[in-house]
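Since the structure comes first, as C-alpha cells, the remarks are kept for the end.
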Amino acid sequence: MRRTVFNEDHEAFRETLRAFIEAEVVPVYDEWFAAGQAPRDFYYKLGELGIFGINVPEEFGGAGLESHKFEAVLYEETARAGVAFGGSGVHVLLALPYIKMLATDEQKKRFLPKFVSGEEMWAIAMTEPGTGSDLAGMKSTAKLSEDGTHYVLNGAKTFITGGVHADRMIVCARTSAPTAEDRRHGISLFAVDTKSEGYSVGRKLDKLGLKTSDTAELAFVDVKVPVEDLLGEENKGFYYLGHNLASERWGIAFGAYAQAKAAVRFAQQYVQDRTVFGKTVASFQNTKFELAACQAEVDAAEAVADRATEALDAGELTPAEAASAKLFCTEVAHRVIDRCLQLHGGYGFMNEYPIARLYADNRVNRIYGGTSEIMKSIIAKNMGL
C-alpha cells in the first residue's frame with residue numbers, strides 16, 4: 001500500500017537525516033551506550049542540523065512549520081539505524097509545546113533562540129517518587145515570596161528523561177493545595193534554570209533500556225524561581241499537562257511502530273545471512289511465516305500511526321484516539337520485536353546486535369506517557385463504559 005503521509009520535503013529531510021546518522025552517530029554509538037548518555041556537544045550538532053527548530057516560529061530562528069511529520073521521519077530513521085539521539089526527544093516533543101502554548105512574548109524571546117541552537121536543552125519534570133502516573137498526588141511546592149518577586153521551590157522528581165543535560169527544566173509544582181472538589185487544582189508550571197542554587201541532579205538512573213538517554217532524579221531545596229519564569233497561569237498546570245498528552249502519546253505510538261518496522265528489517269537481514277544445518281534460516285517455513293505475520297502487524301501499525309499523525313497535524317487528535325494509537329502500536333511493537341529477537345536465536349540476547357537493544361528500549365513504551373492500563377481506561381470511558 002502506498003503511503004500518503006509524507007511528501008518530497010519529508011523525503012529530502014529523510015535523506016539528510018540518514019546521512020547525518022551514518023556519519024555522526026553510528027560510528028560512536030557504542031561509546032554512548034557504554035557511557036549511558038549522549039555527549040552534550042552532540043545536541044549542538046542537532047541544533048545546527050535544524051532538528052530543534054522545525055516547529056519554532058521563524059522570528060525565533062526556527063523553520064516556522066506546524067507539523068509533526070518531520071518528527072515522524074526522525075523516529076523512523078533512528079529506529080532503522082538502531083540508534084537514538086540521547087535524551088533530546090523530550091526537548092522537542094514534550095517541552096516545546098508548553099513553550100509555544102504558554103510562554104509570553106518576552107519569554108519566547110528569551111527561551112526559543114537558545115532552544116533552537118541547542119544552547120539550552122529543555123526537559124520536563126512531572127513524576128515524583130511514590131506517585132507514578134498520579135500527577136494530582138504530587139507533593140513538590142512553589143510558594144510565592146512575600147515581596148512577590150520569586151517562588152520558593154521545594155520537592156523531588158524521578159524518572160526525568162534529559163535530566164542530566166537539561167539547562168531549563170519545566171517543573172510541575174503545587175502553588176495551592178488541592179480542593180475537596182478537585183484534587184488536580186493548584187499545580188503550576190515553571191521554566192527553572194538548572195544552575196539555580198538549591199537545584200540538584202541526583203542519580204543518573206540505570207535503566208533496562210534507553211541507555212543513551214540521561215534519566216535522573218532531581219531535588220529542589222529552597223530554589224528561587226523568578227516570577228518571570230512561571231509558564232501560563234498559576235494553578236492551571238494540570239489542565240496544561242492534559243492538553244499536551246495527545247501529542248506525547250502520538251510520539252510514543254509512532255516511535256513504537258518505527259521500532260517494530262526496524263525489528264522486521266533487522267530480523268530479515270539476519271536470517272538471510274545466518275546458516276544452520278546447511279541452509280539459511282530464511283529458507284525455513286517457520287521463519288517465513290513468522291516474518292510474514294510480523295510484517296502484517298507492522299502494516300496495520302503503520303496505518304494507525306499515519307492516521308494519528310494526520311489527525312495531530314490537523315489539530316483533531318482526541319485524547320481517546322491518541323490513547324488508542326498508543327495502546328495498539330506499543331502492543332504490536334512488543335509482539336513483533338519479541339518474535340524478531342527469537343529469530344536471532346542466542347545472538348538476539350547480545351547487546352552488540354541492535355535487536356537486543358531494541359527489545360530493551362521498547363519495553364518502556366507500555367509504561368511511560370500513561371500505562372497500557374490507563375490507555376484502556378481512557379478508551380473505555382470514551383465508549384461510555
Side-chain angles (χ1 to χ4, degrees), residues 13-14 16-57 60-63 65 68 70-79 81-100 103 107-108 110-125 157 159-171 191-196 199 201 204-205 207 209-216 218 247-248 251 255 357 361 368:
F13 175 68
R14 185 188 302 280
T16 300
L17 187 59
R18 188 173 295 183
F20 173 82
I21 291 171
E22 287 298 320
E24 300 287 346
V25 182
V26 172
V28 294
Y29 196 69
D30 286 345
E31 297 174 19
W32 298 4
F33 190 85
Q37 62 186 35
R40 177 63 178 83
D41 61 3
F42 173 68
Y43 299 137
Y44 291 109
K45 293 181 180 180
L46 292 180
E48 292 172 4
L49 190 64
I51 296 292
F52 297 150
I54 293 171
N55 292 327
V56 173
F60 303 114
L65 303 178
H68 291 270
F70 291 94
E71 291 172 59
V73 171
L74 190 149
Y75 285 129
E76 289 187 335
E77 289 305 307
T78 51
V83 301
F85 284 175
S88 65
V90 298
H91 183 69
V92 174
L93 181 65
L94 299 189
L96 182 57
Y98 291 101
I99 302 172
K100 292 175 67 176
Q107 288 175 324
K108 289 177 180 176
R110 276 197 292 136
F111 297 150
L112 285 176
K114 293 180 180 180
F115 180 100
V116 171
S117 68
E119 183 179 345
E120 278 193 353
M121 293 301 296
W122 286 62
I124 184 166
K157 301 289 181 178
F159 306 146
I160 308 307
T161 302
V164 175
H165 283 319
D167 302 290
R168 282 273 175 181
M169 182 67 65
I170 300 176
V171 178
V192 181
D193 184 341
T194 63
K195 297 183 295 295
S196 301
Y199 181 108
V201 178
K204 181 167 72 68
L205 299 173
K207 307 183 297 297
L210 301 179
K211 290 291 188 179
T212 63
S213 72
D214 50 309
T215 303
L218 307 178
S247 62
E248 177 183 354
R357 299 179 182 184
D361 290 349
Y368 66 3

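Remember, it's a predicted structure, so these values are computed and weren't measured experimentally. Values below: all heavy atoms of this structure, side chains included; hydrogens, waters and symmetry mates excluded.
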Are Glu71 and Asn55 close enough that some pair of their side-chain heavy atoms sits under 4.5 Å apart? yes
Between Ala123 and Ala166 the two heavy atoms that sit nearest each other are CB-CB, 4.1 Å
Six-ring centre of Phe33, Arg357 cation under 6.0 angstrom, axis tolerance 45°: yes
Looking at Ala84, is its backbone amide N or carbonyl O close enough to the side chain of Tyr29 to form a donor-acceptor pair, meaning the two atoms are under 3.5 Å apart? yes
Using a 4.5 Å cut-off on heavy atoms from C-beta on, say whether the side chain of Leu96 contacts that of Val56. yes
Check Asp167 with Arg40, please: is the shortest side-chain N to carboxylate O separation under 4.0 Å? yes
Where the side chain of Thr212 meets the backbone of Gly36, is there a donor-acceptor pair that is under 3.5 Å apart? no
Please report the interatomic distance NZ(Lys204) to CG(Asp214), rounded to the nearest 0.5 Å. 7.5 Å
Mind checking whether Val171 and Lys157 have side chains closer than 4.5 Å, heavy atoms only? yes
All heavy atoms of Val90 vs all of Gly162, minimum pair found to be CG2-CA, 4.5 Å
Between Glu120 and Trp122, is there a side-chain heavy-atom distance shorter than 4.5 Å? yes
Any side-chain heavy-atom pair of Val116 and Phe60 under 4.5 Å: no
Heavy-atom neighbours of Phe159 CZ exceed 12 at 6.0 Å: no
Rounded to the nearest 0.5 Å, the CD atom of Gln37 sits from the CG atom of Leu210 at a distance of 14.0 Å
Side-chain touch Arg168/Lys195, heavy atoms, less than 4.5 angstrom: no
What pair of heavy atoms forms the shortest contact from Ile160 to Ile124, and how long is it? CG2-O, 3.6 Å
Value rounded to 0.5 Å, distance of CG in Leu94 from CD in Glu248: 5.0 Å
Residues Tyr43 and Phe85: closest non-hydrogen pair is CE2-O, 3.6 Å
Excluding sequence neighbours, so at least two apart, what forms side-chain contact (heavy atoms from CB on, under 4.5 Å) with Ile51? Phe13, Leu17, Leu46, Leu49, Leu74
Approximate separation, where rounding is to 0.5 Å, of Leu112 CG and Gln107 CD: 10.0 Å
Assess the residue pair Leu218 and Val201 against the criterion (side-chain contact (heavy atoms from CB on, under 4.5 Å)); give the C-alpha distance rounded to whole Å, side-chain angles, the decisive distance to 0.1 Å, and a yes or no. CA-CA 5 Å; Leu218 307 178; Val201 178; 4.0 Å; yes
Pro39 versus Trp32: any side-chain heavy-atom pair under 4.5 Å? yes
Under a 3.5 Å distance rule, please check whether Lys211 uses its side chain to pair with a backbone N or O of Lys207 as donor and acceptor. yes
Enter the distance from Tyr44:OH to Ser117:OG here, rounded to the nearest 0.5 Å. 7.5 Å
Distance from Asp193 atom CG to Tyr199 atom OH, nearest 0.5 Å? 9.5 Å
Is the shortest heavy-atom distance from the side chain of Met121 to the side chain of Ser88 under 4.5 Å? yes
